[in-house]
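Encoded as structure tokens, the structure appears first; notes follow it.
What you are looking at is a predicted structure, and each value in this text was computed from that prediction instead of being measured.
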Amino acid sequence: MSKRLTDTVVVPVAHESDARKTAAALEPYDVDRVVVVHVVEKAGGAPDKTPVEQSEEIAEASFAAFRETFPDADDALAYRRDVVGGIIDLAEQEDASAIAFRPREEGRIVRFLSGDHSLRLVTQSPIPVISLPSEDDE
């Protein structure tokens, strides 16, 4: 049985504004099921960048913002040291047909320090990755 590219799409979001912009970028496309995911980045024994409770509040605000456009979207929280690995693992768990994301504006230094999540997602994912158009911020 074949899968359509948009049967189940996993959509990672980082924060409320990103969730709104990503949902707006995905809205013109026909998607059967959307699972919006927020990965709480763990430090693996060292102090976390952001307290877990604060990260969970950011995730809930992000999910609410995404549902303004996709009211039926499912949501998922992942707790991982490796953000990209968390997204891919969740996509496999959901038997997703694709991962859709909106590339974020980041400088070269941030990409270097963060390991360029977009590049890793595109090159390491075992399922198709869809890059949504990114409109310039006002």
Side-chain angles (χ1 to χ4, degrees):
M1 184 172 169
S2 65
K3 267 186 185 177
R4 289 181 336 124
L5 192 58
T6 55
D7 280 345
T8 298
V9 177
V10 166
V11 182
V13 294
H15 48 75
E16 190 174 340
S17 174
D18 177 54
R20 252 187 212 100
K21 291 175 183 176
T22 302
L26 183 63
E27 186 179 27
Y29 303 98
D30 184 21
V31 178
D32 289 344
R33 180 173 174 245
V34 175
V35 180
V36 60
V37 61
H38 179 87
V39 178
V40 176
E41 194 170 359
K42 301 294 292 173
D48 295 328
K49 288 181 186 174
T50 307
V52 172
E53 295 80 18
Q54 186 179 355
S55 295
E56 291 172 342
E57 290 173 11
I58 292 168
E60 287 304 319
S62 300
F63 297 153
F66 198 89
R67 284 198 186 96
E68 292 170 3
T69 306
F70 288 92
D72 297 329
D74 293 327
D75 61 61
L77 258 176
Y79 299 87
R80 292 285 299 263
R81 184 175 186 179
D82 175 13
V83 172
V84 173
I87 295 166
I88 291 171
D89 286 350
L90 183 79
E92 290 178 333
Q93 179 183 328
E94 294 289 334
D95 193 27
S97 51
I99 298 169
F101 76 106
R102 191 180 61 83
R104 297 178 191 100
E105 294 295 324
E106 297 174 329
R108 185 183 294 179
I109 292 175
V110 171
R111 282 194 311 252
F112 174 74
L113 294 174
S114 69
D116 198 346
H117 292 157
S118 298
L119 177 62
R120 286 190 52 228
L121 188 59
V122 169
T123 58
Q124 295 180 2
S125 175
I127 64 172
V129 177
I130 301 167
S131 177
L132 298 168
S134 180
E135 294 185 23
D136 294 330
D137 293 338
E138 299 287 324

Looking at every non-hydrogen atom in both residues, tell me the closest pair between [X] and [Y] and how far apart they are.
| X | Y | value |
| --- | --- | --- |
| Pro28 | Ala25 | CD-O, 3.4 Å |
| His38 | Ala14 | CE1-O, 3.0 Å |
| Ala73 | Arg67 | O-NE, 3.2 Å |
| Ala100 | Pro12 | O-CD, 3.2 Å |

List in chain and number order the residues that pass side-chain hydrogen bond (donor to acceptor under 3.5 Å, both in side chains) with Ser62, two or more places apart in sequence or in another chain; answer none if no residue qualifies.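 Partners of Ser62 under the side-chain hydrogen bond (donor to acceptor under 3.5 Å, both in side chains) test: none.
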Residue list, side-chain hydrogen bond (donor to acceptor under 3.5 Å, both in side chains) with Asp18, at least two apart or on another chain: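 If we apply the side-chain hydrogen bond (donor to acceptor under 3.5 Å, both in side chains) test to Asp18, skipping adjacent residues, the hits are Thr22, Arg102, Arg104.
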Let me confirm one number: the OG1-CG distance from Thr69 to Leu26, rounded to the nearest 0.5 Å.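 The distance works out to 9.0 Å.
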Looking at CG of Asp75 and CZ of Phe66, how far apart are the two atoms once the value is rounded to the nearest 0.5 Å?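 Reported to 0.5 Å precision, the distance equals 10.5 Å.
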Look at the side chain of Thr8 and the backbone N and O of Ala96, then say whether any donor-acceptor pair between them is shorter than 3.5 Å.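 Not a single qualifying donor-acceptor pair exists.
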Between the side chain of Ser97 and the main-chain N/O of Asp7, is any donor-acceptor distance below 3.5 Å?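 Pair found, side chain donor or acceptor close to backbone of Asp7.
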Does one hydrophobic cluster hold both [X] and [Y], with members joined at side-chain heavy-atom distances below 4.5 Å?
| X | Y | result |
| --- | --- | --- |
| Val13 | Ile58 | no |
| Leu121 | Ile130 | no |
| Val40 | Val83 | no |
| Val39 | Leu119 | no |

Non-neighbouring partners of Phe101 that pass ring pair (Phe, Tyr, Trp, His ring centres under 6.0 Å), sequence neighbours left out: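 Phe101 satisfies ring pair (Phe, Tyr, Trp, His ring centres under 6.0 Å) with no other residue.
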Could you list all the salt bridge (Lys or Arg N to Asp or Glu O under 4.0 Å) pairs where at least one residue sits in residues 28-38, not counting sequence neighbours?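 Residue pairs passing salt bridge (Lys or Arg N to Asp or Glu O under 4.0 Å), neighbours aside: Arg4-Asp32, Arg33-Asp74, Arg33-Glu94.
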Does any pair with a residue in residues 123-132 pass salt bridge (Lys or Arg N to Asp or Glu O under 4.0 Å), and if so which ones, sequence neighbours excluded?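 Qualifying pairs, neighbours excluded: none.
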With [X], which residues qualify under side chain to side chain contact (heavy atoms under 4.5 Å, CB included), at least two apart?
| X | value |
| --- | --- |
| Ser125 | Ile88, Ile99, Ile127, Val129 |
| Glu60 | Phe63 |
| Glu56 | Val52, Leu77, Tyr79 |

Which is it for Asp95 and Lys3 under the side chain to side chain contact (heavy atoms under 4.5 Å, CB included) test, yes or no, and what are the steps along the way? CA-CA 10 Å; Asp95 193 27; Lys3 267 186 185 177; 3.0 Å; yes
Is the shortest heavy-atom distance from the side chain of Val11 to the side chain of Val31 under 4.5 Å?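 A side-chain contact under 4.5 Å is absent here.
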Only pairs at least two apart or in different chains count here, so list each side chain to side chain donor-acceptor pair (under 3.5 Å) that has a residue in residues 84-93.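 Listed by first then second residue: Arg80-Asp89.
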